[in-house]
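What follows is a set of notes on a single structure, which appears directly below.
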Amino acid sequence: MSKEIRVRFAPSPTGFLHIGGARTALYNWAYAQRLGGTFILRIEDTDQERSTPENTAQIVSSLKWLGLTWDEGPEMGGAFGPYIQSERAPLYSEVLEQLKQTQKVYPCFCTPELLNEKREIAQAEKRYTGYDRSCRDLSEAEVEQLTLAGTPHVWRLKLPLERESVDFEDAVFGPISVPMSQLDDFIILRTDGTPTYNYVVCVDDVLMQISHVIRGDDHLSNTPKQIMVYEAMGAPLPVFAHLSMILGSDGKRLSKRHGATSVDTYEQEGFLSDALFNYLALLGWSLDGQTTLMSRELITTHFSLDRISKNPAVFDPEKLAWMNQVYLKEMGAAAFVAAWEPYLLSDGLATSEEIANRQSWFESVYPLVVERIHTLSEVNEKVSYLLSGNYVELDEKSQEKCLQTEEGGRVLQACLSLLSNQELSWNTASIESALRTLPEQLGLKPKVVFQTIRVAISGNMVSLPLFESMELIGKEACLARIERVSSR
RNA sequence: GCCCCGUUCGUCUAGCGGUUUAGGACACCGCCCUCUCAAGGCGGAGGUCACGGGUUCGAAUCCCGUACGGGGUACCA
């Protein structure tokens with residue numbers, strides 16, 4: 001009988017969804033998909049200072065954009081709610097009561113000042129700096145007296161002293177062993193009555209019956225402590241799988257100075273969900289060491305914890321950009337125009353109505369531009385000259401080099417008379433065959449001829465393919481553009 | 001300080017003792033194509049598998065140590 005697979009992603013809503021968090025969520029999601037398990041979203045908002053509902057909404061929206069949908073979570077609910085930590089306080093107290101009854105915890109009346117003092121001494125003497133358990137053996141009478149006197153106190157977990165070490169098998173890192181001498185009776189309830197992280201995360205995972213804890217490796221070192229909580233609760237251990245960090249190009253933790261770190265920024269910059277998904281899946285996991293382009297389908301049918309890498313991975317924006325272009329080239333014209341539309345609107349290059357009315361025109365831009373861009377946000381600057389009517393802004397350097405020359409003038413004149421021909425049907429093939437006669441006619445190299453026309457049409461020495469551009473711009477506008485520059 | 005973890009081309013990785021002259025992808029270089037830029041095709045360079053010891057007939061692969069990096073060691077999460 002295989003146990004039910006239940007995994008969770010538990011972000012703190014202290015900011016947008018980070019690339020690292022997205023990958024953690026993705027691995028959890030993929031694992032659940034693969035095994036037909038349940039994926040749970042839990043919001044860890046116990047840090048009331050920095051947590052905001054706006055951030056939660058933002059994280060939710062980024063997860064959805066990436067296609068990482070959950071089966072249980074805030075709003076939608078589920079059988080193990082609530083799914084927002086700040087609403088779970090009664091559960092933490094309930095579990096604590098049980099731990100008190102089973103004598104797994106004890107109150108500690110040491111002041112923070114005293115604790116600090118002891119720690120400093122231990123440090124100076126190079127001894128273990130953990131709590132010395134001085135309150136562990138207080139008699140019932142002493143406890144009662146201190147409590148009645150209203151002495152502030154915390155609650156600590158009573159670790160089994162007879163034990164030698166805490167051992168567990170991490171699904172990614174393999175066997176991990178930490179000597180018991182390195183663990184202390186850590187605090188699970190603060191003086192102010194709030195529970196600590198290492199305690200609540202366990203309570204949540206136990207009560208939500210999480211079978212696999214897949215999370216960042218910054219939690220690896222705390223896992224032994226958490227195992228102590230599981231054991232105190234008499235709960236079975238989940239499988240732990242820790243994921244190493246994602247780093248910036250300098251080998252330091254990925255941060256703002258490495259560029260965009262939040263999923264929502266990538267969305268805005270015009271990365272495709274499928275591309276980011278593919279890239280993130282590959283950042284620390286591999287199918288076979290050969291395959292780099294993988295559909296969600298492929299990933300979810302093959303994802304496994306044992307192929308996750310232990311090494312921290314450097315995030316490479318260039319590879320992501322390459323991958324995004326691959327996906328752009330695969331998406332097709334109609335999907336492209338739909339994805340491009342928001343950018344057209346925000347730059348005021350077109351209205352929704354124009355796009356709808358000239359759908360096929362916009363779609364025919366797709367094959368021209370797609371192999372020259374890596375993100376959707378780069379499209380407009382490449383195509384704006386196609387949408388500027390009779391006028392085109394001229395790049396100074398291009399103008400100087402291609403238009404303000406003796407050859408340039410001749411090319412433009414010849415071109416103008418050729419294109420003015422009423423017989424010429426205005427399409428790429430006809431325009432091309434007509435203009436192809438020019439180099440020989442003028443005794444100039446093709447490159448010189450076409451670069452001149454290109455600058456007249458597009459305003460720049462670099463543009464989308466010339467003849468296709470001319471067809472899309474239209475005869476009238478093209479003639480107007482050439483006339484304008486040749487009459488200078 | 002102490003504890004835990006990691007270390008294969010610049011980067012992501014394959015590799016689980018012999019099939020490896022260490023494979024693939026991005027980036028890089030060259031050639032072809034070509035109206036520019038791209039895209040594409042073909043080819044190339046790039047790794048003494050962090051270092052030092054072992055174990056073994058044989059090690060990137062197993063063991064020990066060192067160095068470097070990361071994490072933990074909080075009444076942070």
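Reminder, nothing fancy here: chain letters follow the sequence lines and each chain counts from 1. If you're wondering where the values come from, they're calculated on a predicted model, not measured in any experiment.
One interatomic measurement links the two molecules: CG of A:Asp184 to P of B:A74, which rounds to 7 Å at whole-angstrom precision. Separating the OH atom of A:Tyr131 from the C1' atom of B:C75 is a distance of 12 Å, rounded to the nearest angstrom. Taking atom CG on A:Leu394 and atom P on B:U36, their separation rounds to 20 Å, with Å as the unit. Nucleotide B:U36 holds its P atom 12 Å from the CD atom of A:Glu432, rounded to whole Å. Distance CG (A:Asn222) to C1' (B:A77): 10 Å, rounded to an integer number of Å. Atom CG in A:Leu247 sits about 10 Å away from atom P in B:U13, given to the nearest Å. One can place NZ of A:Lys225 at 6 Å from P of B:A74, the figure rounded to the nearest angstrom.
In this structure, the nucleotide among B:A74, B:U36, B:G1 sitting nearest to the side chain of A:Arg119 is B:A74.
Counted by atom type alone, A:Tyr279 and A:Asp316 present zero donor-acceptor pairs between their side chains at under 3.5 Å.
Within 4.0 Å (heavy atoms only), A:Ser244 reaches no atom of the nucleic acid at all. Within 4.0 Å of A:Phe450, counting heavy atoms only, lie sugar-phosphate atoms of the nucleic acid but no base atom. When heavy atoms are screened at a 4.0 angstrom cut-off, A:Val154 is found touching base atoms of the nucleic acid.
OP1 or OP2 of B:C35 sits under 4.0 Å from a side-chain N or O of A:Arg436. In this model, the phosphate group of B:A77 is approached by a side-chain N or O of A:Arg190 to a distance below 4.0 Å at OP1 or OP2.
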